[in-house]
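Shown next, in structure tokens, is the structure this report addresses.
The chains referred to below are lettered A, B, ... by the order of the sequence lines, with proteins before strands, and numbering in each begins at 1.
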There are 2 protein chains.
Amino acid sequence: MHHPPRLDAFDRKILAILQQDNTTPQRTIGEAVNLSAPAVQRRIKRMTEDGVIRANVAIVDPAAVGQSITLFVEVEVISETAEHIEAAKRAFAATPEIQQCYYVTGEADFILVVTVPVMADYEALTRRLFFGNNNVKRFRTFVAMDRVKVGLGVVVDG
Amino acid sequence: MHHPPRLDAFDRKILAILQQDNTTPQRTIGEAVNLSAPAVQRRIKRMTEDGVIRANVAIVDPAAVGQSITLFVEVEVISETAEHIEAAKRAFAATPEIQQCYYVTGEADFILVVTVPVMADYEALTRRLFFGNNNVKRFRTFVAMDRVKVGLGVVVDG
DNA sequence: CTTCGTTTGCAAGTTTGTTTCGTCTGGAGC
DNA sequence: GCTCCAGACGAAACAAACTTGCAAACGAAG
């Protein structure tokens with residue numbers, strides 16, 4: 001994370017491609033954006049160092065590994081002191097079943113995305129995380145029936 | 001998606017690595033799991049064909065490309081007929097600002113994860129998607145103050 | 001006009017991914 | 001028990017991709 005990220009049109013086009021498939025050869029990317037492969041490589045390297053590209057990962061189908069249930073949880077806490085919030089963040093971040101955790105404004109304080117193999121696992125999780133934590137005022141659960149659209153891609157044309 | 005996905009301990013270890021960094025050389029993976037590089041390559045290929053690995057993508061920092069606001073939206077619809085639900089799914093899936101969309105049970109029907117550069121863009125989005133759609137009964141918005149944990153990784157130890 | 005800094009393309013060098021091939025193991029059928 | 005066959009493995013050869021060095025083009029500042 002050295003430089004303030006300033007991205008030109010080339011960078012944005014490259015990002016758009018890598019967000020869809022980061023196994024695309026640099027030579028192919030170069031043809032798509034009208035740049036040589038080394039130029040593409042240097043830009044990718046720079047964006048990686050600058051933190052624009054946070055990670056390169058394989059997306060695994062949850063159902064294929066037995067994590068067939070996706071849940072949303074709105075969590076409301078009692079005390080919002082810095083220490084309590086930080087403790088909650090750490091606990092959520094450290095829980096592998098929690099795929100995503102956001103600290104939000106509104107009627108809830110945290111929103112979680114959870115994946116588990118069977119409901120019993122979620123029940124166990126609620127006991128451990130919520131009922132076992134006396135700073136949790138209440139939580140509401142939504143069960144996903146259909147994962148209509150799932151991704152972390154962001155709009156890059158800017 | 002040919003075979004029914006049957007994953008052994010090797011496959012799961014490989015998946016765990018690729019979920020964190022899919023640029024890891026196959027030789028390195030092989031050393032980590034006690035397998036030769038070609039064996040790793042064959043397993044990755046098989047899992048990709050079987051749909052266990054859905055995609056290989058770069059994760060881009062939303063803030064770096066100007067999408068600094070993340071929002072959650074609970075949407076409640078009026079009519080839940082199949083046609084209305086399918087129409088809604090299609091509309092949400094086709095909206096680039098909507099990163100994730102789930103059809104859920106509970107007090108809401110859809111949960112959306114949205115990223116936009118500034119609040120005005122979200123306001124425009126609500127006008128277009130919600131106020132401009134007379135099947136939307138109501139919606140609730142949560143603004144993310146902190147992206148505590150973001151990812152699509154799933155527990156793979158099975 | 002010159003200089004410095006940046007970025008590019010090309011070409012060589014290095015690393016990584018892929019294919020080939022021979023071997024081994026486990027199971028079905030004789 | 002024996003043979004045969006299918007599947008999976010590792011070693012090595014091979015192909016493709018990535019990475020680096022270097023000279024040239026371009027722009028901004030002096």
Could you give the [atom1]-to-[atom2] distance, from [X] to [N], as a whole number of Å?
| X | N | atom1 | atom2 | answer |
| --- | --- | --- | --- | --- |
| B/R43 | D/dG7 | CZ | P | 15 Å |
| B/I14 | D/dA8 | CD1 | P | 13 Å |
| A/I44 | D/dT19 | CD1 | C1' | 12 Å |
| A/L18 | D/dA17 | CG | P | 15 Å |
| A/R42 | D/dT19 | CZ | C1' | 9 Å |

State which of D/dA12, D/dT19, D/dA8 makes the closest approach to the side chain of B/P38.
-> D/dA12

Crowding at CD, A/E31 (>12 non-hydrogen neighbours, <6.0 Å) | yes

With a cut-off of 6.0 Å (strictly less than), are more than 12 heavy atoms of other residues, nucleotides or ligands near CZ of B/R138?
-> no

Within residues 20-37 of chain B: residues closer than 4.0 Å to DNA chain D (heavy atoms) = B/L35, B/S36

Pairing of [X] and [Y] as salt bridge, 4.0 angstrom limit:
| X | Y | value |
| --- | --- | --- |
| B/R90 | B/E86 | no |
| A/R46 | A/D11 | yes |
| A/R43 | A/D8 | yes |

Taking the inter-plane angle between the rings of A/F131 and A/F139 on a 0 to 90° scale, is it parallel (under 30°), tilted (30 to 60°) or perpendicular (over 60°)?
-> perpendicular

If you walk 5' to 3' along DNA chain C, what is the first nucleotide with an atom under 4.0 Å of a heavy atom in chain A, and what is the last?
-> C/dT7 to C/dA11

Looking only at heavy atoms, the pair that brings A/Q19 and A/V154 closest together is OE1-N, 2.8 Å

B/V136 and B/L129: CA distance, side-chain angles, deciding distance, side-chain contact (heavy atoms from CB on, under 4.5 Å) verdict | CA-CA 9 Å; B/V136 172; B/L129 280 180; over 6 Å; no

